Structures are given as C-alpha cells and as structure tokens.
Amino acid sequence: MPRPPLVRNRLVDTGDTSPRRVLLANPRGYCAGVDRAVITVEKALEKHGAPVYVRKQIVHNRHVVRELEEQGAIFVEEVDEVPEGKLVVFSAHGVSPAVREQADARGLNAIDATCPLVTKVHREAIRFARDDFEILLIGHDGHEEVEGTAGEAPDRVTVVNNPEEAMTVEVRDPDKLVWLSQTTLSVDETMETVHRLRERFPNLQDPPSDDICYATQNRQVAIKKVAPEADLVIVVGSANSSNTVRMVEVALEYGAKAAYRVDYSSEIQQEWLDGVATVGVSSGASVPDVLVQEVLDELRDAGFGEIETVTTAEEDLVFSLPKELRPSRK
C-alpha cells in the first residue's frame with residue numbers, strides 16, 4: 001500500500017487556552033536488531049545490485065518495507081518464490097532449519113538478518129531439546145519468530161499463547177519442562193503466563209537468561225511511565241508488529257484514558273483530541289523516527305506545542321552486520 005500523502009494543518013487547534021503538552025517516551029523506535037536488519041538489506045543492494053529477495057517482511061513496518069521496495073528489494077512469503085541461484089535475506093524474526101534447507105536446495109545465496117537476541121532463543125531451544133526437555137514456548141501461534149523457534153525442535157515445543165492457555169496445556173513430563181518466550185511480548189502478560197504454568201508444574205525451569213528483548217522491555221517501561229499522565233497515547237507502528245500492539249495494551253493497562261496505534265500521522269483523528277490536555281507518544285521497535293516527528297508536527301498544528309521527553313533508559317547496543325556484508329580486513 002502506498003504511503004498517504006503528507007497534508008499539514010489537517011488537525012485543527014480548537015483554541016482551548018488550557019495547557020496542552022506531549023509526553024514523548026524514550027526509548028522508542030528502532031532497536032539494534034531492526035537497525036541491523038534494515039542495513040543488511042541496504043548493504044546487500046549496494047553490494048549485489050537489485051533485485052535482492054527478502055523472505056517475509058524484513059521487519060514488521062509498512063513504511064520500512066515500502067522504502068526498501070523502492071530501492072529494489074522484493075519481498076516474498078517463501079523461498080520457493082525466489083529464482084534459483086539468487087540472493088535471499090532472512091528477516092529479523094528468524095527462520096526454522098526447514099527454511100534453510102529449502103534455500104540450500106534451490107541453490108540460493110542466503111544472508112541471515114535474524115536478530116541476535118532471537119538467535120539466542122533458537123540456541124536455547126536446540127540445547128533444551130537435546131537435553132530431553134519439553135519446551136513451552138510462550139508466544140503467538142503463527143508469528144514468524146515463533147514458527148522459526150518452534151522449528152528448531154518441532155517435536156519438543158508446545159506454543160502457549162496466553163495465560164488462559166497456561167491453565168489447559170498438557171505436557172508429557174512435568175519434571176522435565178522449561179519455558180522460553182517470543183522476544184516481543186508484554187513483560188507483564190508473559191510473567192502472568194509463567195506464574196500460572198508454575199502453579200500447575202512446580203518444577204518448570206526458567207531460561208538461562210531473559211528472552212524478552214531489552215528494547216521491548218525498555219519501550220514498555222517508558223509507556224508505563226507516560227500512561228498515567230496521558231489523556232491519550234499514540235503509538236506509531238504497524239498492526240503486525242507484536243511489540244507495537246503490546247505497547248498500546250500496556251498504555252491502557254497503566255492508566256491512559258485512550259490509546260491508539262497508527263502507521264502514519266495522517267491516521268490521527270481530530271475527535272481523539274477532544275478534551276485532551278496531555279498526549280503520550282511512542283513508537284514500536286521497527287519504526288523510523290521520521291514517522292514520530294511527523295506525528296509531533298501534526299500535534300503541534302493542533303496546539304500541542306510543548307514537548308517533554310520522558311526518558312527511562314539509555315540504549316547504546318549495536319550488532320555487527322552478517323559476515324557476508326562486513327568490510328574485508330586487509
């Protein structure tokens with residue numbers, strides 16, 4: 001879908017003389033894994049020329065995908081859509097061994113842009129399966145990351161979608177059981193799911209380290225700080241971005257009177273601002289900051305000129321590019 005044209009002064013300042021402000025959450029936007037994945041596609045295009053095929057959306061953001069398409073990336077659902085012998089990039093969400101085998105069978109030159117934090121969960125699944133554990137994978141059935149992780153040990157993994165399913169899931173051996181999770185979940189809901197699982201299976205083991213990624217947690221913490229003071233929270237991000245959707249839910253859970261997700265500033269509705277004095281703004285981990293700036297511009301047009309940044313963490317993590325795209329050492 002093409003990007004809607006930018007139209008300024010679409011939102012109207014109602015002339016309300018009461019103080020109006022924006023609380024801008026920080027951290028927000030791109031995380032290290034997303035930055036690495038997007039740059040991977042850009043560098044692959046620079047090095048090999050167009051087209052570069054990408055299995056699934058490289059990250060879950062419509063704007064990013066559209067911009068990469070304009071540079072020559074072609075997004076496909078499965079590797080059998082890639083012409084034999086061509087270059088394919090695996091998305092940040094990871095793939096199962098079966099997908100890698102399919103790519104090899106077609107003679108594809110594969111570059112893996114899987115987020116290293118997702119790769120860590122894959123390795124945990126492999127190790128626990130090798131040690132004869134049954135794995136309860138907390139996540140959303142059908143999400144690409146969950147499909148990739150579960151594919152590492154399909155006979156050993158059972159997906160648990162939510163706390164309710166924790167009360168009904170059946171296991172083979174409750175004494176040989178471990179939980180892992182999708183990296184982009186709500187921290188609170190995940191821990192509620194774990195709590196319910198442990199009530200049923202007291203010997204349930206934890207992963208060796210936290211699976212929910214630092215960026216997901218940091219963005220949720222920032223939203224929790226903003227939400228109690230906000231009449232309205234706007235989260236920029238796409239509908240298929242799990243961490244973005246969770247942020248909207250977290251905002252409502254922590255006191256925001258209303259919360260909406262938008263891909264673009266043009267989706268903000270005038271009626272959302274009726275009676276609103278404070279707007280909280282953030283964005284999902286796959287959202288470039290230019291889209292947030294456009295939201296701030298729209299809100300400024302509507303009289304929300306005071307912007308206060310609410311910072312709850314500083315992020316400086318950087319992941320190296322896949323080895324195929326790193327500068328050669330002389």
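Given the structure is predicted, the values throughout are model-derived calculations rather than measurements.
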Verify the cluster assignment for V118 and V159: are they in a single hydrophobic cluster under the rule of side-chain heavy atoms below 4.5 Å apart?
no
Compare all side-chain heavy atoms of R100 with those of F90 and state whether any distance is below 4.5 angstrom.
yes
For S209 and K120, does a side-chain donor sit closer than 3.5 Å to a side-chain acceptor?
yes
Please check: side-chain N/O of R55 versus main-chain N/O of V82, any donor-acceptor pairing under 3.5 Å?
no
Would a single hydrophobic cluster contain both V236 and V22, if residues Ile, Leu, Val, Met, Phe, Trp and Tyr are joined by side-chain heavy-atom contacts under 4.5 Å?
yes
If you round to the nearest 0.5 Å, how far is OG1 of T183 from CD of Q217?
10.5 Å
Hydrophobic cluster membership, F75 vs V59, 4.5 Å side-chain cutoff:
yes
Can you tell me if S283 uses its side chain to pair, donor with acceptor, with the backbone of G29 under 3.5 Å?
yes
Distance alone, cut at 3.5 Å: any donor-acceptor contact between the side chains of T184 and N243?
no
A side-chain contact here means heavy atoms from C-beta on lying under 4.5 Å apart; do E315 and R219 qualify?
yes
Side chain E189, main chain L185, donor-acceptor under 3.5 Å:
no
Rounding to 0.5 Å, atoms CG (L299) and CG (L24) come to a distance of 10.5 Å
Looking at CD of E84 and NZ of K86, how far apart are the two atoms once the value is rounded to the nearest 0.5 Å?
11.5 Å
The test is side chain to side chain contact (heavy atoms under 4.5 Å, CB included); show your working for Y30 and V64 and say whether it passes.
CA-CA 11 Å; Y30 269 14; V64 171; 3.5 Å; yes
Nearest-0.5 Å distance that lies between atom OG1 in T40 and atom CZ in R36
5.5 Å
Considering only heavy atoms from C-beta outward, does the side chain of T278 approach that of L23 to under 4.5 Å?
yes
In plain terms, say whether D263 and R261 are close enough for a salt bridge, that is, a side-chain N and a carboxylate O under 4.0 Å apart.
yes
Shortest non-hydrogen pair, R28 vs D289, comes out as NE-OD1, 3.1 Å
For E298 and L11 the tightest heavy-atom approach is OE1-CG, 3.6 Å
Point-to-point distance, once rounded to the nearest 0.5 Å, from CD of E249 to OG1 of T244
11.0 Å
Donor-acceptor pair, distance only, cut-off 3.5 Å: does the side chain of Q270 make one with the backbone of V12?
yes
Looking only at heavy atoms, the pair that brings A251 and A227 closest together is O-CB, 3.4 Å
What residue among V292, V279, L296 forms side chain to side chain contact (heavy atoms under 4.5 Å, CB included) with I234?
V279
Are V187 and V146 connected, step by step, through hydrophobic side chains (Ile, Leu, Val, Met, Phe, Trp, Tyr) whose heavy atoms are closer than 4.5 Å?
no
Between the side chains of D188 and S186, is a donor N or O closer than 3.5 angstrom to an acceptor N or O?
no
Is it the case that more than 12 heavy atoms not belonging to K43 sit under 6.0 Å from its NZ atom?
no
Is the ring pair W272/Y260 parallel, tilted or perpendicular, if the boundaries are 30 and 60 degrees?
parallel
Membership question, hydrophobic clusters at under 4.5 Å side-chain separation (ILVMFWY): are V248 and V262 in the same one?
no
Donor-acceptor under 3.5 Å (S91 side chain, H93 main chain):
yes
Would you say R156's side chain and I135's backbone share a donor-acceptor pair under 3.5 angstrom?
no
Between D173 (side chain) and E134 (backbone), is there a donor-acceptor pair under 3.5 Å?
no
Got E294 and V290 here, is their nearest side-chain heavy-atom distance under 4.5 Å?
yes
Salt bridge D131-K176, side-chain N to carboxylate O under 4.0 Å:
no
Between D231 and V276, is there a donor-acceptor pair closer than 3.5 Å when you use the side chain of the first and the backbone of the second?
no
Quick one, P208 and R127 - any side-chain contact, counting heavy atoms below 4.5 Å?
yes
If you take all heavy atoms of S96 and E147, which pair is closest and at what distance?
CB-O, 4.1 Å
R172 side-chain N/O to L177 backbone N/O, donor-acceptor pair under 3.5 Å
no
Do Y254 and I223 make a side-chain contact, defined as non-hydrogen atoms from C-beta onward lying under 4.5 Å apart?
no
Using a strict 4.0 Å threshold on nitrogen-to-oxygen distance, state whether R21 and E229 make a salt bridge.
yes
Treating S181 as the side-chain partner and D211 as the backbone partner, does any N or O pair qualify as donor plus acceptor under 3.5 Å?
no
Rounded distance [0.5 Å steps], CG in L68 versus CD1 in I74
12.5 Å
Count the heavy atoms of every other residue, nucleotide or ligand shown that sit under 6.0 Å from CZ of R123, and state whether that count exceeds 12.
no
